[in-house]
Novice: 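Quick one: structure below, then a few questions.
Atom set for the values below is all heavy atoms of this structure, side chains included, hydrogens, waters and symmetry mates excluded. Every chain is numbered from 1, with letters handed out A, B, ... down the list of sequences. Quantities reported herein were computed from a predicted structural model and do not represent experimental measurements.
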There are 2 protein chains.
Amino acid sequence: MQPKTKYSRQRLAILNELKSRCDHPTADVIYAEVRKTIPNISLGTVYRNLGFLAQNGDILKIPATAGSEHFDGNPAPHYHFKCNICGNVSDVALDLMPNLTEMAGNLVDGVVTGHSIMFEGKCGLCAETYKK
Amino acid sequence: MQPKTKYSRQRLAILNELKSRCDHPTADVIYAEVRKTIPNISLGTVYRNLGFLAQNGDILKIPATAGSEHFDGNPAPHYHFKCNICGNVSDVALDLMPNLTEMAGNLVDGVVTGHSIMFEGKCGLCAETYKK
DNA sequence: TGATATAATGATAATGATAACTATTTTCGG
DNA sequence: CCGAAAATAGTTATCATTATCATTATATCA
């Protein structure tokens, strides 16, 4: 039997913080934010819970080429856009294409259960700032 | 003026190793392999050159959710499949969809220059091994 | 071909993100 | 309110990757 989850103040604060914002922060950003209400929360607790919540399907982990991982409070699959300058990740309101998963399933040896799309480029803010 | 590149034995060996294989190894796999011909090559040199070659457009860096980065000797854009069990990354022979980039460009604030798709699931080998 | 400027290396130390450890504290069902 | 089990804080450890720097290799050019 799997251990029964106990929802601690810290876990709920982390989940709420992530749910209440529409960007996709890294663990240390969450840490800084949650510390405003729970000053002595440990960074380890933040990582532990982000991992737990992701495994639990409450949030998403977003893979990154450089630096640290980003987290998404919206567990429903959707696509992302990453700025190559500042590293920020945002949502892309593009309809899901489940048929892609299906098509890939016919092409690879194994079982394909899903896919993710990461768009890249320069975000509006950075395009403004570094408009060379 | 940018510094003029000097093609060392080490850099060429790393590039060749990556070009000669069709999987997508991590830096330490490359290191182990190149060490067979250049035994005293430094791990730092491997990382330095993988970064250099990626920036130069000779190879690709493949983002990963967990663990370490993977590298691809084929710099032409294409899609990938990652096994959630063993972590291996392989190519997916799906036609490119440049129109996705275009569509995303109309939806985000900023400039979208490209996209990548990562399929996930269980590779043939792991499906065989862990067929619970 | 040999001198020279400079890019690249090897070895190692440093960094940064994340995971593991452990004694103590919280949580929650009875 | 009790007690077992889960979670925490604080800390140390681990792992991938970068930076540093004295030395070596590369390419250009006289």
Novice: Whether B:Asn49 contacts C:dT9 is assessed here as follows: a side-chain N or O lying under 4.0 Å from the phosphate OP1 or OP2. Is that the case?
Specialist: yes
Novice: Rounded to the nearest 0.5 Å, what separation is found between the CD1 atom of B:Ile38 and the CD atom of B:Glu17?
Specialist: 10.5 Å
Novice: Quick one: are B:Arg11 and B:Arg48 in side-chain contact, heavy atoms under 4.5 Å?
Specialist: no
Novice: Figure out the CD1/P separation between A:Ile41 and C:dT25, and round it to whole Å.
Specialist: 17 Å
Novice: Does a side-chain N or O from B:Ser42 land closer than 4.0 Å to OP1 or OP2 of C:dT9, or not?
Specialist: no
Novice: Applying ring-ring contact (aromatic ring centres under 6.0 Å, His included) to B:His24 and B:Phe81, what does each step give before you reach the verdict?
Specialist: CA-CA 11 Å; B:His24 305 77; B:Phe81 169 60; over 10 Å; no
Novice: For A:Arg48 and D:dT8, is the shortest distance between a side-chain N/O and OP1 or OP2 below 4.0 Å?
Specialist: yes
Novice: Can you tell me how far CZ of B:Phe119 sits from CD1 of B:Ile117, rounded to the nearest 0.5 angstrom?
Specialist: 5.0 Å
Novice: Between B:Tyr7 and A:Gly44, name the one whose nearest nucleotide on DNA chain C is closer to the 5' end.
Specialist: B:Tyr7
Novice: In whole angstrom, what separates A:Ile38's CD1 from C:dT25's C1'?
Specialist: 14 Å
Novice: If you look at every strand shown and take non-hydrogen atoms under 4.0 Å, does A:Thr26 touch a base, only sugar-phosphate, or nothing?
Specialist: nothing
Novice: Are any of A:Arg9's side-chain N or O atoms less than 4.0 Å away from OP1 or OP2 of C:dT26?
Specialist: no
Novice: Any donor-acceptor pair, under 3.5 Å, between the side chain of B:Lys6 and the base of C:dT6, if you only look at N and O atoms?
Specialist: yes
Novice: For a quick test of reading the model: is some side-chain N or O of B:Tyr47 closer than 4.0 Å to OP1 or OP2 of D:dT18?
Specialist: no
Novice: Roughly how many Å is it from CZ in A:Phe52 to P in C:dT18, rounded to a whole number?
Specialist: 19 Å
Novice: Would you say a side-chain N or O of A:Ser8 is under 4.0 Å from OP1 or OP2 of C:dT26?
Specialist: no
Novice: Can a side chain N or O of A:Gln10 be found less than 4.0 Å away from OP1 or OP2 on D:dA9?
Specialist: yes
